[in-house]
Amino acid sequence: MNSNASHVNYHSFILTGIPGMPDKNPWMAFPLGFLYILTLLGNATILAVIKVDHSLHEPMYYFLSILAVTDVSLSMSTLPSMLSIFWFNALEISFNACITQMFFIHGFGVVESGVLVSMAFDRFVAIREPLHYASILTHSIIGKIGIAVLTRAVCVVFPVPFLIKRLPFCRSNVLSHSYCLHQDAMRLACASTRINSLYGLIIVIFTLGLDALIILFSYVLILKTVLGIASRAERLKALNTCLSHICAVLLFYVPLIGITMIHRFGKHLSPVVHMFMANIYLLLPPVLNPIVYSVKTKQIRRRIVHVFQRRKNRI
């Protein structure tokens, strides 16, 4: 049996819904469907409000638009496999479809991290150089920043599918999540994965890790600038413009740190915990970011309320 298994090279993977409880998968169908709908509606609302309201045609809101598009794209990357499992109980995914999904999930994750860095730079310029804010962050500069963020993500994630494709899979083809991740597929290989592990570590350190340090450094400079403002009211006003971004950063990095710690030190934990944390990491930020920005950003909140009041008056 073992000698035969060693010659098998799987050409598809089996995704996992709720580990150890496949009969409970249908119970997750409607909550997941609701989260995806909420993600689409929330981010579409943000994009529509920014497009319609010309007073929101400022650098901060252009970056917010990029974040909203990234959140929707990240959600859409997981949608096909998640719905196929929980709605149709279709667990198998072809090898090529898996590495394609892997590319988009990791790619948009790096894009989101880059967008959060860009938004930190935006807040720094707005508070440090308020009089030159619009002249520094012109449409051209914002466009170049967006292209740079996307190009960086494509460049660093592009080798990942090829690194996975070179590996033979003869032990098992059962993944531990309901979507494809590099680290998850890599552990199933029956050959050395040293290059994959090293490259994955380099990506994490020089993209997500470096981005986190840049954001932290940006806020140190922002805090230093704010503390130099004489008026207490002006200090609070300046800090208040950063609250939404700080929430978005926490929503992205806290689950990321959580899932990293669990992968490293939580091997004794239930597979359900691993599944829960992985889903929180990918599903929570796209759902909550629009809510945070709608609640914390007065201009967006005011515009949304205005639209609903106008519709109510028409009725």
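All values reported here derive from a predicted model rather than from experimental measurement.
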Practice task
Would you check if T45 and P290 make a side-chain contact, meaning some heavy-atom pair closer than 4.5 Å?
Solution key: no
Practice task
Could you list the residues that satisfy side-chain hydrogen bond (donor to acceptor under 3.5 Å, both in side chains) with Q299, not counting sequence neighbours?
Solution key: Y61
Fill in the blank from the handout: Residues pairing under salt bridge (Lys or Arg N to Asp or Glu O under 4.0 Å) where one sits in residues 147-160, two or more places apart or in two chains, turn out to be R152-D211
Exercise for the section: Would you indicate whether F104, at its atom CZ, is surrounded by more than 12 heavy atoms from other residues, nucleotides or ligands within a distance under 6.0 Å? Expected result: no
Handout entry: More than 12 heavy atoms from other groups under 6.0 Å of CZ on F276
Key = no
Practice task
Mind checking the CG-CE spacing from L282 to M277? Nearest 0.5 Å is all I need.
Solution key: 11.0 Å
Problem - Single-linkage hydrophobic cluster L47~L74, side-chain heavy atoms < 4.5 angstrom - result: no
Exercise for the section: Check whether any side-chain heavy atom of R301 lies under 4.5 Å from a side-chain heavy atom of K296, and answer yes or no. Expected result: no
Handout entry: Any side-chain heavy-atom pair of S12 and N173 under 4.5 Å
Key = yes
Handout entry: CA sep, side-chain torsions, deciding dist, call: V69, S73, side-chain contact (heavy atoms from CB on, under 4.5 Å)
Key = CA-CA 6 Å; V69 171; S73 302; 4.2 Å; yes
Problem - Donor-acceptor contact present, side-chain T193 to main-chain N196, <3.5 Å - result: no
Exercise for the section: Report the distance from atom CG of L201 to atom OG of S197, rounding to the nearest 0.5 Å. Expected result: 8.5 Å
Problem - Ring centre gap for H245 and F63 strictly below 6.0 Å - result: no
Handout entry: Close side-chain approach of I99 and F162, heavy atoms under 4.5 Å
Key = no
Practice task
Could you tell me whether a side-chain N or O of R303 sits under 3.5 Å from a main-chain N or O of V49, the two making a donor and an acceptor?
Solution key: no
Problem - Check: L236 main-chain N/O paired with N240 side-chain donor or acceptor under 3.5 Å - result: no
Practice task
Kindly say whether G114 contributes a backbone atom to a donor-acceptor pair with the side chain of S118 at under 3.5 angstrom?
Solution key: yes
Exercise for the section: Keeping the roles fixed (side chain from S113, backbone from V110), state whether a donor-acceptor pair exists under 3.5 Å. Expected result: no
Handout entry: Pairs flagged by salt bridge (Lys or Arg N to Asp or Glu O under 4.0 Å) wherever residues 223-236 is involved - sequence neighbours left out
Key = none
Fill in the blank from the handout: Heavy-atom closest pair (P59 atom, L137 atom, distance to 0.1 Å) is CG-O, 3.4 Å
Practice task
Let me see the working for R123 and Y219 under side-chain contact (heavy atoms from CB on, under 4.5 Å), right down to the final yes or no.
Solution key: CA-CA 9 Å; R123 290 299 82 212; Y219 273 101; 4.3 Å; yes
Problem - Over all atoms of both residues, closest heavy-atom pair of L283 and Y36 - result: CD2-OH, 3.7 Å
Handout entry: Same apolar cluster (I L V M F W Y, side chains within < 4.5 Å links), L288/V115
Key = yes
Problem - OG-CG distance between S178 and L91, expressed to the nearest 0.5 angstrom - result: 10.0 Å
Practice task
Check the pair I93, C180 against side-chain contact (heavy atoms from CB on, under 4.5 Å), reporting the backbone distance first and the verdict last.
Solution key: CA-CA 9 Å; I93 183 171; C180 297; 4.1 Å; yes
Exercise for the section: May I ask you to test the I145-I141 pair for a side-chain heavy-atom distance under 4.5 Å? Expected result: yes
Exercise for the section: Verify, without hydrogens or angle tests, whether S135 (side chain) and H132 (backbone) share a donor-acceptor contact under 3.5 angstrom. Expected result: yes
Problem - Polar side-chain atom of T241 near backbone of A238 as donor-acceptor pair, under 3.5 Å - result: yes
Exercise for the section: Tell me whether I291 is reachable from L284 by hopping between hydrophobic residues (I, L, V, M, F, W, Y) whose side-chain heavy atoms are closer than 4.5 Å. Expected result: yes
Practice task
For I195, look at atom CD1 and say whether over 12 heavy atoms of other residues, nucleotides or ligands are found less than 6.0 Å away.
Solution key: no
Handout entry: Residue pair S65 / I46, side-chain heavy-atom distance below 4.5 Å
Key = no
Problem - T297 vs L243 side-chain heavy atoms within contact, under 4.5 Å - result: no
Completion exercise
Between L35 and V287 the two heavy atoms that sit nearest each other are O-CG2, 3.7 Å
Handout entry: Which atom of I66 lies closest to which atom of T70, heavy atoms considered
Key = O-OG1, 2.7 Å
Practice task
Return yes if some donor-acceptor pair links the side-chain N/O of E112 with the main-chain N/O of F252 below 3.5 Å, else return no.
Solution key: no
Exercise for the section: Grab the two heavy atoms, one from C242 and one from I127, that are nearest each other, plus how far apart they are. Expected result: SG-CD1, 3.5 Å
Practice task
Tell me whether F86 is reachable from W27 by hopping between hydrophobic residues (I, L, V, M, F, W, Y) whose side-chain heavy atoms are closer than 4.5 Å.
Solution key: no
Practice task
Please check if the distance between the ring centroids of Y199 and H182 is under 6.0 Å.
Solution key: no
Exercise for the section: Report yes or no: does D184 contribute a side-chain atom to a donor-acceptor pair with the main-chain N or O of S176 at less than 3.5 Å? Expected result: yes
Handout entry: Closest non-hydrogen atom pair, S192 against R166
Key = O-NH2, 4.1 Å
Problem - Ring centre gap for F169 and F13 strictly below 6.0 Å - result: yes
Practice task
Report the relative orientation of the aromatic rings in H54 and H57; use parallel for angles under 30°, tilted for 30 to 60°, perpendicular for over 60°.
Solution key: perpendicular
Exercise for the section: Spell out, yes or no, whether V254 and Y293 are grouped together once hydrophobic residues are joined by side-chain heavy atoms under 4.5 Å, including indirect joins. Expected result: yes
Fill in the blank from the handout: Distance col, row F217:CZ vs L221:CG, nearest 0.5 angstrom, shows 4.0 Å
Problem - Test side-chain hydrogen bond (donor to acceptor under 3.5 Å, both in side chains) applied to S81 and Q101, step by step - result: CA-CA 9 Å; S81 61; Q101 184 184 54; 2.8 Å; yes
Practice task
Taking the side chain as every heavy atom from C-beta outward, state whether I164 and M102 have any atom pair closer than 4.5 Å.
Solution key: yes
Exercise for the section: Supply the atom-to-atom distance L167 CG to R187 CZ, rounded to the nearest 0.5 angstrom. Expected result: 13.5 Å
Practice task
Look up atom CG in L210 and atom CD1 in I215, then write down how far apart they are to the nearest 0.5 Å.
Solution key: 10.0 Å
Practice task
Indicate yes or no for a side-chain donor-acceptor contact from E92 to the backbone of I14 under 3.5 Å, with no hydrogens or angles considered.
Solution key: no
Practice task
Using the side-chain contact (heavy atoms from CB on, under 4.5 Å) rule, take I85 and N89 through it: C-alpha gap first, then chi angles, then the decisive distance, then the call.
Solution key: CA-CA 4 Å; I85 292 170; N89 202 33; 5.6 Å; no
Practice task
Determine whether the side chains of D53 and S55 contain a donor N or O and an acceptor N or O closer than 3.5 Å.
Solution key: yes
